[in-house]
Structures are given as C-alpha cells and as structure tokens.
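Here the structure comes first, spelled out in structure tokens, and everything after it is commentary.
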2 protein chains.
Amino acid sequence: MASKDRILRLKEETRCNILDASLKIVKEGGWDALSMRKIADEIEYTAPIIYEYYSNKGAILLELTRKGFLLLSKKLEEAKAKHRLPAKQLEAMWLAYWDFAFAEKELYQVMYGVETTCCEMAKKLPESEMPMDLIWDVIVELMLPHVGTEEEVCIKYYTFWSVIHGLISINMVNRGNTDETNQEVLKTAITGIIRSIKG
Amino acid sequence: MASKDRILRLKEETRCNILDASLKIVKEGGWDALSMRKIADEIEYTAPIIYEYYSNKGAILLELTRKGFLLLSKKLEEAKAKHRLPAKQLEAMWLAYWDFAFAEKELYQVMYGVETTCCEMAKKLPESEMPMDLIWDVIVELMLPHVGTEEEVCIKYYTFWSVIHGLISINMVNRGNTDETNQEVLKTAITGIIRSIKG
DNA sequence: TGTATCGTTTAACAGTGTTAAATAATTTTA
DNA sequence: TAAAATTATTTAACACTGTTAAACGATACA
C-alpha cells in the first residue's frame, strides 16, 4: 500500500517542520523564546503532538546541534577543497569556522554553549571592565619603550583573552583535556604572544 | 533611635544571605536549579520576600556577576603584585585568570555566558567530533615530514581552537570589537600558530 | 487602647515541560 | 455499507517557573 509511504513521508516532513519552526523562533527571539507551545503554534498543531516526533525538548535541541555539526563540517570540507597547500587549507578552514559561527549564530550557540542573554546585563556593570583595564596597563608597559596605539594594545589584549577564554570555555563544556595538555597549551600560547609583543 | 540601625543591618544581612543562598544552590545543582522559591527556602522565608531586596531574579544574577568581576580583579592585582617585570606580571595574571575560572566556575559562567548543560548532550553525538577530525588531518599534513605524536597535534589543535572559539564567544556576548580588529586578531593568531607549526 | 505602619504569607496569574485521558478522524474488518 | 479497531489530535491536568496583589500578622506610635 502506497498510502503507508505517503504517511511516512508526511511524518518525516512534520519532523522536519518542527526543527525548522524551532530555529525560526530562536532566530526571532533567542533561545529563551523557544517553547513547545510556540513550536506547536508555528506548525499549527497543539503541544503534545510534538512528543510523537521528539521524546522531549532536549531531543529537539540535540537534533539541531547535530545539524549544526554536519553543516559546519560541510563548510570546513568546502574550504579545504579550495586549496592545495596545507597551510592555505588550514587558514581557509578556520576562516570558514569563523564565518559559520556568525552566519549560523544560533546553531553555534547550542553546539558550544555560548550564552548571550546573561551578558546583556554584564555590559552595564562598570566592574566588568576592571579586569581588562588591569591587564591593559601591563601590556602597555610590556611594549615600552614603544608607545602602542589603542588599536595595537587592543589586538594584543584580545589575542590573549581569546586563547585563554576559549580554552576555559572548551574545558568547562567539554572537560576533555588533561591538565598537562591544558598547561601546555596555556604556556605556549602565553609565552608566544608575550614574545611577539616584545618584538 | 539605634533600632533603626539594627534593622538596616539585618536588612543588609538578608540581602547578603540571598546572594549566598543563590550561589550555594547553583554550586549544588547548576544554574538551572536556581529558583526564587528555592532561595526563599534556603533563607527560611517565602518567595515574595526576596522582591523586597532585589527587584527580580535578574538583579540577583547581576549582583553575582558584579561580585565575580570584583573578585577576579582582586586576584589579578594580587598576581601582578608578586612580580616586577611586566612579562612575568602578565604571565602571572593570566594564570590567575585561569585559576579563577575553575575555582569560581559558577561565577565565571554567569560573567561570561558559558553554558554547561547544553553541551552535556553534544558529547554523545558522533557528529560533534567531525570538525576536529577534519582539521586534525590538515595539521598532521602541515607538520610533515615530521610525524607528530597525538599529544603534539592535540596541543596545536587546541591552541587554534581556543583562540578562535574564544574570539567568537567574546564577540557573541560582547559585540565590542570592530570587524577590522577581529580580522586582525584572527589573522595574526592563525598565521602565528601556523608559522610555529612549520618550524 | 486604637491606629497606622511594616514585615510576611497566602493566593493568584501567566507561563513553562510533560503526561493521561478524552475526543475526532481514519482505516480495517465483517 | 455499517460496525469495529486503530490512529491522529486535542483538552485537561500536574508540577514547576517568575512575579504581583491582596490578606494577614506583628510591631510601633498616638
């Protein structure tokens, strides 16, 4: 009976619609705006129907992160294919990674646990700039006798901060590295950047 | 009347108790476990009382992030004071930053928007390892003819990933940098690491 | 002692994820 | 075609969330 196939096809379609609706809601109002009832509204059903397709809300998020990793991998492969030299390939791949993060911001957020809401408020705190100011001063001193421009110091600071915050984030959400590996990455990164600052 | 003072002191104390209770709950069960009613339970009151001290839940989070930035700044200053050379100071400060992140994990999370829950599940996805595998291969090729050990490649990979994921995260939650600054940081970081890999 | 103020709680509202039961629609069987 | 069985969908409910308004209790002031 071909009607079975048709029904299966429809089921697969609503399964897909649920994901699309979810992503649409998130893109419009952020991850906090995503609720089962809103998804149901979007696909013109009521909430419990969703549980016929996904066991719970977490399963929807999981499927979205899966899609995210697949899409990212595709982008990386495409970037690689455009070059022959490994150095060029690597550079292109990381730039593709960068582009993906902002083109598919919501996916990147759920893939790697980057919150945005909680830091909306931190921006209002004057205290949030204190750590930067403290480190900024030392970078300026380190560059002496050369007097660095704001732009120059800024780049140094963010290079530092990125590698350290990145390593911290990765370890917090992933807990994959050994302490030795972390210390190694940290040390090589820090001393490398310091050396590049000093000349 | 000194009783006014006593009452003010008590008020200040419960204001503080609310923060302590919140942090305790979060440390025990993560940020998802934090609710107004649980805080009330902890300080042996009912929920609406909390609104006499903080206008809403967000105000509590904001106060915790403020405490976090203050504590981090203190740690950075202490680290700086232990050395005289700017290079040594800088190294010590970033190591203090690192230590703070894990010693006060919950504070760091709310300060910089690092989620942990959503990536519990991503670990189960085989797809989550695809991007690493793709880039891993190119790093190995780039190191040829030297055949890198697993540990060596791992450190290179995480150095790359850290700086890029860090820069992405910072931009997502902060949106502070100009595109030119970002591109500059990205490019210098990438080419720098690539050069260090090639010899 | 009566009144006003303050501290605190109870009750409620709108929202969340999720489940069980009731209903509507469809398909299968007689 | 009519009845039965199965499937699709919804309604109602539960326990929870943040938050507010009203009621209650105690305390201080006249």
Side-chain angles (χ1 to χ4, degrees), chain A residues 1-19 21-26 28-65 106 110 115 117-118 120-121, chain B residues 1-19 21-26 28-65 106 110 115 117-118 120-121:
Chain A
M1 295 161 191
S3 74
K4 290 277 178 200
D5 290 10
R6 198 202 68 230
I7 286 176
L8 275 181
R9 229 176 319 118
L10 278 179
K11 277 222 154 201
E12 195 51 40
E13 200 179 313
T14 42
R15 230 187 106 85
C16 194
N17 285 345
I18 290 173
L19 286 189
S22 302
L23 202 52
K24 185 188 170 195
I25 293 167
V26 172
E28 282 170 357
W31 283 101
D32 284 348
L34 185 65
S35 81
M36 300 301 260
R37 286 174 179 84
K38 282 199 199 120
I39 298 173
D41 262 23
E42 195 69 35
I43 62 172
E44 295 179 306
Y45 275 104
T46 50
I49 262 289
I50 305 176
Y51 292 85
E52 304 282 320
Y53 299 88
Y54 295 95
S55 62
N56 51 33
K57 192 182 179 182
I60 297 177
L61 301 191
L62 191 62
E63 195 59 28
L64 283 175
T65 66
E106 294 78 17
V110 73
E115 269 220 60
T117 47
C118 77
E120 281 298 312
M121 42 183 212
Chain B
M1 294 157 192
S3 73
K4 291 277 177 199
D5 290 11
R6 198 202 65 228
I7 287 177
L8 276 180
R9 227 175 321 118
L10 278 179
K11 277 221 156 199
E12 195 51 42
E13 201 180 312
T14 43
R15 231 187 105 84
C16 194
N17 286 345
I18 289 173
L19 286 189
S22 303
L23 202 53
K24 185 188 170 195
I25 293 167
V26 172
E28 282 169 356
W31 283 101
D32 284 348
L34 185 65
S35 80
M36 300 301 259
R37 286 173 178 84
K38 278 197 202 124
I39 298 173
D41 261 23
E42 195 70 34
I43 63 172
E44 295 181 305
Y45 276 105
T46 50
I49 263 290
I50 305 176
Y51 292 86
E52 305 280 322
Y53 299 88
Y54 296 95
S55 62
N56 50 33
K57 191 181 179 182
I60 298 177
L61 301 191
L62 191 62
E63 195 60 28
L64 284 177
T65 67
E106 294 79 16
V110 73
E115 269 220 58
T117 47
C118 77
E120 281 298 313
M121 43 182 211

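Atoms considered below: every heavy atom in the structure, side chains included; atoms not considered: hydrogens, waters and symmetry mates. Every chain is numbered from 1 and lettered A, B, ... according to where its sequence line falls, protein lines coming before strand lines.
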Could you measure the distance from the [atom1] atom of [X] to the [atom2] atom of [Y]? Nearest 0.5 Å is fine.
X	Y	atom1	atom2	result
Glu42(B)	Glu28(B)	CD	CD	6.5 Å
Ile39(B)	Ile18(B)	CD1	CD1	7.5 Å
Cys16(B)	Ile43(B)	SG	CD1	11.5 Å

### Message
With a 4.0 Å limit, can you tell me whether Thr46(A) has a side-chain N or O closer than that to the phosphate oxygens OP1/OP2 of dT9(D)?
### Response
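No, outside the criterion.
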
### Task
Report yes if some heavy atom in the side chain of Leu34(A) is under 4.5 Å from a heavy atom in the side chain of Leu61(A); otherwise report no.
yes

#### Entry: Side-chain heavy atoms of Thr14(A) within contact of Ile49(A), under 4.5 Å
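Answer no - side chains too far apart.
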
Measure the distance from [atom1] on [X] to [atom2] on [N] and round it to the nearest whole Å.
X	N	atom1	atom2	result
Asp41(A)	dT16(C)	CG	C1'	14 Å
Tyr51(B)	dC13(C)	OH	P	17 Å
Tyr45(B)	dC6(C)	OH	P	17 Å
Ile50(B)	dG7(C)	CD1	P	16 Å
Ile49(A)	dT9(D)	CD1	P	5 Å
Met36(A)	dT10(D)	CE	P	14 Å
Leu10(A)	dT26(C)	CG	P	13 Å
Asp32(A)	dT17(D)	CG	P	16 Å

So which nucleotide from [options] ends up closest to the side chain of [X]?
X	options	value
Lys57(A)	dT18(C), dG18(D), dT9(D)	dT18(C)
Pro48(A)	dT16(C), dA20(C), dT19(D)	dA20(C)
Glu52(A)	dG18(D), dT9(D), dG17(C)	dT9(D)

### Task
Please work out if Leu34(A) contacts a base, only the sugar-phosphate, or nothing of the nucleic acid, heavy-atom cut-off 4.0 Å.
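Answer is sugar-phosphate: Leu34(A) comes under 4.0 Å of backbone atoms only.
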
### Query
Do Arg37(A) and dG17(C) have a side chain to base donor-acceptor pair shorter than 3.5 Å?
yes

### Query
With nearest nucleotides of DNA chain C determined for Lys11(B) and Ala47(B) from heavy-atom distances, which residue corresponds to the more 5′ nucleotide?
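Looking at the nearest nucleotide for each, Lys11(B) comes out on the 5' side.
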
